[in-house]
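Beneath this line is the structure, given in structure tokens, with notes to follow.
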Protein chains: 2
Amino acid sequence: MSRVWIKNFSDYQDETVTVRGWIDNLRSSGKIGFLQIRDGSGVVQGVVSRAEVDEASWTTLKQLAQEASVEVVGKVVEDSRAPSGYEMHVSELREVGGAEEYPISPKEHGTAFLMEHRHLWLRSSRQRAALKIRSEVAHGIRDFYSERDFVLIDSPILTPAACEGTSTLFETDYFGDSAFLSQSGQLYLEPAAAAFGKVYCFGPTFRAEKSKTRRHLMEFWMVEPEVAFMEFPELCELAEQFITYLVARVLETCQEELKRLERDCSVLEAVQAPFPRIRYHQALEILAENGKDLEVGDDFGAEEETILASAFDRPVMITHFPASAKAFYMQPDADDPDLALALDVLAPEGYGEIIGGSQRIHDLDLLSRRIDEHDLPREAFQWYLDIRQFGTFPHSGFGMGLERFVAWVAKLPHLRETIPYPRMLNKIYP
Amino acid sequence: MSRVWIKNFSDYQDETVTVRGWIDNLRSSGKIGFLQIRDGSGVVQGVVSRAEVDEASWTTLKQLAQEASVEVVGKVVEDSRAPSGYEMHVSELREVGGAEEYPISPKEHGTAFLMEHRHLWLRSSRQRAALKIRSEVAHGIRDFYSERDFVLIDSPILTPAACEGTSTLFETDYFGDSAFLSQSGQLYLEPAAAAFGKVYCFGPTFRAEKSKTRRHLMEFWMVEPEVAFMEFPELCELAEQFITYLVARVLETCQEELKRLERDCSVLEAVQAPFPRIRYHQALEILAENGKDLEVGDDFGAEEETILASAFDRPVMITHFPASAKAFYMQPDADDPDLALALDVLAPEGYGEIIGGSQRIHDLDLLSRRIDEHDLPREAFQWYLDIRQFGTFPHSGFGMGLERFVAWVAKLPHLRETIPYPRMLNKIYP
């Protein structure tokens with residue numbers, strides 16, 4: 001009898017099927033046992049009645065441990081009380097692998113312990129819910145760009161030049177040269193935009209930052225679109241469409257997971273365009289009203305981001321930052337060249353920046369000056385300058401960190417639960 | 001007037017639209033000029049008639065260079081002779097950015113030169129076709145697994161232990177410890193299979209191999225599915241379904257690109273299940289018939305793979321390799337434990353191995369012995385052994401290199417054309 005996935009039980013009503021999975025939980029008393037069987041596609045309750053199974057199955061039931069792997073044969077029976085709508089009337093039960101002294105019990109464990117056992121912690125229902133949402137968001141991101149005719153341009157991880165200082169870069173030997181793990185694919189997308197018009201990359205990025213906050217990972221995934229001839233107002237619209245699309249996708253496909261995480265979905269349902277848009281100087285005013293006096297040019301920290309985000313019921317877009325506080329490649333505002341056409345999008349509920357982007361400088365002379373002003377090695381950027389030398393074009397793009405987005409959407413307390421194997425300070429096992 | 005993409009011209013027939021793009025090619029004589037305008041979504045011919053444009057536009061036309069960026073206003077006119085079905089009757093032409101001395105001319109250039117100018121070479125029609133196919137295949141891979149309820153589990157790039165020797169690994173300092181760039185996500189997928197049943201990863205992988213063949217890249221993308229309770233025959237079916245799905249997808253979505261690359265599509269159309277399946281010892285016989293006498297246990301090199309693949313008109317699946325020649329984690333065949341339940345899929349036309357996979361050992365004692373026999377540090381593999389300690393389960397998976405698949409499907413001579421920014425021996429710029 002071939003295996004059936006629990007998710008597909010509605011196709012097998014009143015049929016006898018075989019399920020293979022793990023014991024999520026079990027209890028038995030006298031002549032009846034109840035198994036919570038998990039096969040990765042879902043969880044179903046198996047009812048084992050002593051009168052209806054052979055001696056071997058009953059003996060197996062009596063010695064089953066949490067997380068033992070099993071093969072269960074039984075009848076699929078509709079049950080309106082069951083979360084999945086079905087339960088299984090078991091006729092045969094076989095243990096595939098035991099699980100004596102499984103280290104993660106239903107009691108509370110400390111984070112350090114759970115992180116050491118990440119390979120097993122993945123099986124818990126909260127972690128499954130979080131990573132299922134991650135998987136859906138990741139596919140949603142690709143669908144969003146694919147549906148809009150963007151071409152995927154995988155940017156390289158091994159890169160030759162350090163953009164801005166090497167202190168937060170992982171370095172490796174590349175056949176005698178130094179190479180650094182990429183922090184962004186943007187520079188590699190810009191040339192590709194001249195070939196394909198609309199491009200994006202979506203891959204791992206790295207930051208060797210000695211920080212230990214709930215908002216940082218050393219290795220995280222970032223999606224970056226870049227569009228030829230797109231100017232700043234359109235960029236803001238793209239960011240807005242992107243976030244509303246992804247939130248709607250999660251609401252559509254992850255109801256069960258959001259419920260498991262006790263996520264208040266009304267907050268997500270409110271994420272509709274248009275998002276509030278404020279300029280940097282207005283952000284300073286909001287901060288001052290809340291007792292935070294920043295100097296013009298100061299960056300927003302976690303605390304400032306939380307104050308700003310709290311002023312709105314949906315993501316807020318902050319634009320027109322002082323150029324001096326932003327990256328060398330950002331296009332100055334035509335009306336006030338001291339301002340950069342830069343965009344930060346802050347998530348609500350204290351999750352901070354989820355998107356950062358800008359229009360890029362397309363004037364060769366201006367970009368060359370900026371590279372010199374920032375003391376960057378012009379030689380290493382020759383290919384990047386070439387894009388302004390040969391058929392230059394206005395263009396814009398942004399980056400969104402997958403983990404930050406997932407943390408917000410799922411309202412997870414820490415980024416470490418948004419990625420299967422988090423890489424944090426001094427934390428690289430398993 | 002807002003910008004229109006060339007791809008969407010059929011929605012704008014007889015309307016006047018604005019296109020922004022680059023001059024792919026141009027010629028003019030007397031009172032008429034013909035521009036090949038490329039905007040990334042397509043290429044269209046713009047016809048500029050002196051009588052119908054203002055003086056400024058005509059002057060612009062006269063000094064336009066290949067790869068200059070332009071803004072063109074004109075009427076969309078149906079033209080059955082045009083590859084796109086349309087041409088553009090230009091009314092205004094404006095240069096956005098010049099392109100004096102664009103280094104890549106229509107004449108032949110050497111590979112070293114083109115690779116140094118990869119950021120510009122991307123604009124050529126062959127490179128665009130190849131990378132468009134890559135983009136489609138990558139999305140097809142994700143759709144294939146998503147449609148089959150696989151959960152995406154991004155495996156980490158920074159990994160602590162070297163699986164089998166460090167000679168082909170890129171190493172980096174991780175806050176005082178050594179970390180290595182991942183060569184495979186498999187070990188990280190196996191624990192996740194116990195949480196989600198069906199999982200896959202698809203990300204960059206790294207091999208610091210001092211080889212300079214057309215079949216090697218230092219950085220390449222690999223997709224790896226892993227399925228709980230899946231045994232070897234089902235694994236072979238999954239690999240077969242996967243390849244036929246992807247080939248059909250390319251045939252469906254990339255006709256224009258295949259044509260540009262002069263790909264013989266009949267070869268691809270023949271890629272239908274079932275694929276021929278032979279065992280390792282039969283492969284040795286085929287090789288012997290072709291004058292290649294290998295010892296049992298010998299690996300197949302490029303030459304052997306080409307001979308084997310040439311014996312069939314579609315991908316060939318080779319199974320049951322000597323266990324001693326394969327990785328430590330491969331499940332032995334029940335009928336002959338000296339053989340491993342391993343699968344290699346060879347592409348036709350000399351493209352070599354595109355898939356390698358196996359059923360995994362799920363018996364704790366056997367796996368522990370294999371780890372010892374291979375002199376691997378058991379401590380580093382404790383978490384991997386845990387999966388056999390707590391609810392072990394038969395499972396199988398494989399890996400497919402994106403670039404090798406794309407090279408075959410597009411019949412490209414060298415892997416370097418299948419990835420936007422190839423990383424090869426001594427080649428990391430741009």
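Chain A is the first sequence line, chain B the second, and so forth, proteins listed ahead of strands; every chain is numbered from 1. Given the structure is predicted, the values throughout are model-derived calculations rather than measurements.
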**Prompt:** Of the listed residues (A:Ala99, A:Ala194, A:Pro191), which shares the most heavy-atom pairs with chain B below a 4.5 Å separation?
**Reply:** A:Ala194
**Request:** Under 4.5 Å heavy-atom distance to chain A, tell me which part of B:Glu234 shows up: side chain, backbone, both or neither.
**Result:** neither
**Request:** Name the region of B:Ser155, side chain, backbone, both or neither, that has any atom closer than 4.5 Å to a heavy atom of chain A.
**Result:** backbone
**Prompt:** Relative to chain B, which segment of A:Ala192 carries a heavy atom at a distance below 4.5 Å: side chain, backbone, both, or neither?
**Reply:** both
**Message:** Which atoms of B:Ala228 are under 4.5 Å from chain A, going by heavy atoms: the side chain, the backbone, both sets, or neither?
**Reply:** both
**Item:** Heavy-atom closest pair, residues B:Ser69 and A:Gly391
**Value:** OG-C, 3.3 Å
**Complete:** salt bridge (charged side-chain N to carboxylate O under 4.0 Å, His left out) pairs touching residues 169-178 of chain B, sequence neighbours excluded, are none
**When B:Ala179, B:Ala68, B:Ala208 are compared by non-hydrogen pairs under 4.5 Å with chain A, the top option** = B:Ala208
**Prompt:** If you count heavy-atom pairs under 4.5 Å between each of A:Glu95, A:Gln127, A:Arg142 and chain B, which one has the most?
**Reply:** A:Arg142
**Crowding at NZ, B:Lys427 (>12 non-hydrogen neighbours, <6.0 Å)** = yes
**Request:** Could you check B:Gln66 against A:Phe390 for side chain to side chain contact (heavy atoms under 4.5 Å, CB included), going step by step and ending with a plain yes or no?
**Result:** CA-CA 9 Å; B:Gln66 183 206 346; A:Phe390 304 111; over 6 Å; no
**Prompt:** In chain order, what residues pass the salt bridge (Lys or Arg N to Asp or Glu O under 4.0 Å) check against A:Arg207, with sequence neighbours excluded?
**Reply:** none
**Prompt:** Contact part of A:Pro394 toward chain B, heavy-atom cut-off under 4.5 Å: side chain, backbone, both or neither?
**Reply:** side chain
**Asked** Which answer fits A:Pro204, side chain, backbone, both or neither, if we ask what part of it has an atom under 4.5 Å from a heavy atom of chain B?
**Response** side chain
**Message:** Using 0.5 Å steps for rounding, measure from the CZ atom of B:Arg20 to the NE2 atom of A:His395.
**Reply:** 15.0 Å
**Item:** A:Phe196 and B:Arg128: CA distance, side-chain angles, deciding distance, side chain to side chain contact (heavy atoms under 4.5 Å, CB included) verdict
**Value:** CA-CA 7 Å; A:Phe196 299 101; B:Arg128 279 186 285 127; 3.8 Å; yes
**Message:** Under a 4.0 Å threshold between the charged nitrogen and the carboxylate oxygen, would B:Asp154 count as salt-bridged to A:Arg134?
**Reply:** yes
**Message:** Between A:Phe202 and chain B, with a heavy-atom cut-off of 4.5 Å, which part of the residue counts as in contact: side chain, backbone, both or neither?
**Reply:** backbone
**Fill in**
Scored by heavy-atom pairs under 4.5 Å with chain A, the best of B:Ala65, B:Pro156, B:Gly197 is B:Pro156
**Any donor-acceptor N or O pair under 3.5 Å, side chains B:His117, A:Asp386** = no
**Request:** Identify which of A:Leu158, A:Thr172, A:Asp39 forms the greatest number of heavy-atom pairs closer than 4.5 Å to chain B.
**Result:** A:Leu158
**Message:** What part of A:Glu100 gets within 4.5 angstrom of chain B, counting heavy atoms only: side chain, backbone, both, or neither?
**Reply:** backbone
**Fill in**
In terms of heavy-atom pairs under 4.5 Å with chain B, the winner among A:Ile153, A:Leu131, A:Ile157, A:Asp149 is A:Ile157
**Message:** Are B:Trp22 and A:Phe229, when compared by the centres of their aromatic rings, separated by less than 6.0 Å?
**Reply:** yes
**Request:** Under 4.5 Å heavy-atom distance to chain B, tell me which part of A:Ser125 shows up: side chain, backbone, both or neither.
**Result:** neither
**Message:** Which heavy atom of A:Met218 sits nearest to which heavy atom of B:Phe175, and what is that distance?
**Reply:** SD-CZ, 3.5 Å
**Asked** Below 4.5 Å, heavy atoms only, C-beta onward: do B:Arg423 and A:Pro160 meet side chain to side chain?
**Response** yes
**Request:** Could you tell me which of A:Pro103, A:Ser135, A:Ser41 has the largest number of non-hydrogen atom pairs under 4.5 Å with chain B?
**Result:** A:Ser135
**Message:** Counting only non-hydrogen atoms closer than 4.5 Å, does A:Ile23 touch chain B with its backbone (N, CA, C, O), its side chain (CB onward), both, or neither?
**Reply:** neither
**Message:** Checking the side chain of A:Thr392 only, and the main-chain atoms of B:Gly97 only, is there a donor and an acceptor separated by less than 3.5 Å?
**Reply:** no
**Request:** Please flag which part of A:Val70 lies under 4.5 Å from any non-hydrogen atom of chain B: side chain, backbone, both or neither.
**Result:** backbone
**Message:** Between A:Asp143 and chain B, with a heavy-atom cut-off of 4.5 Å, which part of the residue counts as in contact: side chain, backbone, both or neither?
**Reply:** both
**Fill in**
Heaviest contributor of heavy-atom pairs below 4.5 Å to chain B, chosen from A:Tyr384, A:Phe170, A:Tyr174, A:Phe206, is A:Tyr174
**Request:** Mark yes or no for whether B:Tyr421, through its side chain, and A:Tyr188, through its backbone, hold a donor-acceptor pair below 3.5 Å.
**Result:** yes
**Message:** When you compare the side chain of B:Leu152 with that of A:His139, does any pair of heavy atoms fall below 4.5 Å?
**Reply:** no
**Message:** If I measure from the heavy atoms of chain A, does B:Ala193 come under 4.5 Å with its side chain, its backbone, both, or neither?
**Reply:** backbone
**Value rounded to 0.5 Å, distance of OG in B:Ser182 from CD in A:Glu219** = 9.0 Å
**Proximity breakdown for A:Leu364 and chain B, heavy-atom pairs closer than 4.5 Å** = neither
**Asked** Quick one: what part of A:Glu101 sits under 4.5 Å from any heavy atom of chain B, side chain, backbone, both or neither?
**Response** backbone
**Asked** chain B heavy atoms under 4.5 Å from A:Glu67: which part of the residue, side chain, backbone, both or neither?
**Response** backbone
**Item:** Test item: A:Trp5 and B:Lys198 side chains (from C-beta on) under 4.5 Å apart, heavy atoms
**Value:** yes
